Undergrad: 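Here you go, one structure.
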Amino acid sequence: MVKIKGVVLVDHEPAEGVVLHLHPKSGSAAISSGITQADGAFQISTYSLGDGAPVGEYVITMVWSKFDVMTRTQVGDHLQGKYASQ
């Protein structure tokens with residue numbers, strides 16, 4: 001496992017609530033993910049919190065949606081789908 005952490009900025013400002021997924025290009029079937037905090041910081045997890053991702057090459061997708069309390073789902077994408085697909 002390789003520890004992965006970073007910060008997501010949009011227009012030079014921290015972006016809270018951006019969901020990142022690492023999709024393996026080959027090999028591992030595990031999909032690693034993380035979500036940004038108020039300061040834009042994130043850490044990637046696969047099997048346990050903050051454990052990182054298996055060694056390999058990945059395509060990273062990001063969606064910055066808003067949580068809808070009524071439907072208990074994520075709605076929209078402030079990034080307009082630009083980084084949502086592989």
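Values in this document were obtained by computation on a predicted structure and should not be read as measured data. Scope of the values below: all heavy atoms of this structure, side chains included, with no hydrogens, waters or symmetry mates.
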Undergrad: If you group Ile, Leu, Val, Met, Phe, Trp and Tyr by side-chain heavy-atom gaps below 4.5 Å, do Tyr58 and Phe42 land in one group?
TA: yes

Undergrad: To the nearest 0.5 angstrom, please state how far the CD1 atom of Ile35 sits from the CG atom of Leu20.
TA: 9.0 Å

Undergrad: Applying side-chain hydrogen bond (donor to acceptor under 3.5 Å, both in side chains), name anything that partners Thr71, two or more places apart in sequence or on another chain.
TA: Thr73

Undergrad: How close do Met62 and Leu79 get, counting heavy atoms only, and between which atoms?
TA: O-CD1, 4.2 Å

Undergrad: Who clusters with Leu9? Use side-chain heavy atoms, under 4.5 angstrom, across I, L, V, M, F, W and Y, and order the result by chain and number.
TA: Val7

Undergrad: Excluding sequence neighbours, so at least two apart, what forms side-chain hydrogen bond (donor to acceptor under 3.5 Å, both in side chains) with Ser33?
TA: none

Undergrad: Where do Ala53 and Thr46 come nearest, in terms of heavy atoms and distance?
TA: CA-OG1, 3.5 Å

Undergrad: Which atom pair, heavy atoms only, marks the closest approach of Thr36 to Val18?
TA: OG1-N, 2.8 Å

Undergrad: Please assess Val63 against His21 for the test side chain to side chain contact (heavy atoms under 4.5 Å, CB included), listing each intermediate value before the final yes or no.
TA: CA-CA 9 Å; Val63 175; His21 286 105; over 6 Å; no

Undergrad: Return yes if some donor-acceptor pair links the side-chain N/O of Ser32 with the main-chain N/O of Ile44 below 3.5 Å, else return no.
TA: no

Undergrad: Look only at the side chain of Asp77 and the backbone of Ser65, and say whether a donor-acceptor pair between them is shorter than 3.5 Å.
TA: no

Undergrad: Closest approach of Val55 and Val2, non-hydrogen atoms and distance?
TA: CG2-CG2, 3.6 Å

Undergrad: Could you tell me whether the side chain of Lys3 and the main chain of Gly50 form a donor-acceptor pair under 3.5 Å?
TA: yes

Undergrad: Spell out, as yes or no, whether a donor-acceptor pair under 3.5 Å connects the side chain of Asp11 to the backbone of Glu13.
TA: no

